[in-house]
Amino acid sequence: MLDLIAVIIVIVALVAALAHVGYLALLNSAATKRAGGGPIAQYVRGRWPVAGVTTAGALLGLLLTGGSGFVDVLAILIGGGSGAVAVKSLESTQKKYKTDS
C-alpha cells in the first residue's frame, strides 16, 4: 500500500515539475521572439536551475519507488518536496507575468 501511495505522489510531483519546465520554455520562446523581451528571457534563464533540480528530484523519487518501506517513505519525501517547490515556482512565475487578456 505504501508503494502505491509513493508512486502516486511521485507521479503528481513529476507532472508538476514538467509543467514548470514547459511553462518556462513557452515563456522563453515568447520572450525571444518579441522586441523588449530581454528582461523576461533573463528571468527565465535564472529559473532554469530550479526547474532542473525539481525535475531531477521527482525523477529520483520515481526511481526510489518500489523498494522497501523506508525507501518508499524517502521517495515520498523527495518527490513530494520536489513537487511542492515546482508548484510554488510555477505559481510565482505565473503571477509575475500573468496578463488579464
Note to self: Does anything in residues 58-85 form a side chain to side chain donor-acceptor pair (under 3.5 Å)? List the pairs, not counting sequence neighbours.
What the structure shows: none

Check: According to a 4.5 Å side-chain heavy-atom criterion applied to Ile, Leu, Val, Met, Phe, Trp and Tyr, with indirect links allowed, do V73 and M1 form part of one hydrophobic cluster?
Finding: yes

Could you tabulate the donor-acceptor pairs under 3.5 Å formed by side-chain atoms of residues 54-62, not counting sequence neighbours?
from: T54; atom 1: OG1; to: V50; atom 2: O; distance (Å): 3.0
from: T54; atom 1: OG1; to: A51; atom 2: O; distance (Å): 3.0
from: T55; atom 1: OG1; to: A51; atom 2: O; distance (Å): 2.8

Notebook entry, point to check: What is the distance from atom CD1 of I78 to atom CD1 of I9, rounded to the nearest 0.5 Å?
Noted result: 13.0 Å

Margin query: Give me the atom names and distance for the closest heavy-atom approach of A75 to L64.
Written below: CB-CB, 3.7 Å

Less than 3.5 Å apart, which donor and acceptor atoms pair up between the side chains of residues 22-49 and the rest of the protein, not counting sequence neighbours?
from: T32; atom 1: OG1; to: N28; atom 2: O; distance (Å): 3.1
from: T32; atom 1: OG1; to: S29; atom 2: O; distance (Å): 3.0
from: Y43; atom 1: OH; to: T93; atom 2: OG1; distance (Å): 3.4
from: R47; atom 1: NH2; to: S89; atom 2: OG; distance (Å): 3.3

Notebook entry, point to check: When rounded to the nearest 0.5 angstrom, what is the spacing between CD in E91 and NE2 in H20?
Noted result: 10.5 Å

Item checked: Verify same cluster id: V15, V87 (apolar side-chain graph, 4.5 Å) -> no

Next item on the list: Measure across G79 and A13 and return the closest heavy-atom pair with its distance rounded to 0.1 Å.
Entry: O-CB, 2.9 Å

Next item on the list: Write down the atom of G83, the atom of A16, and the distance for their closest heavy-atom approach.
Entry: O-CB, 4.1 Å

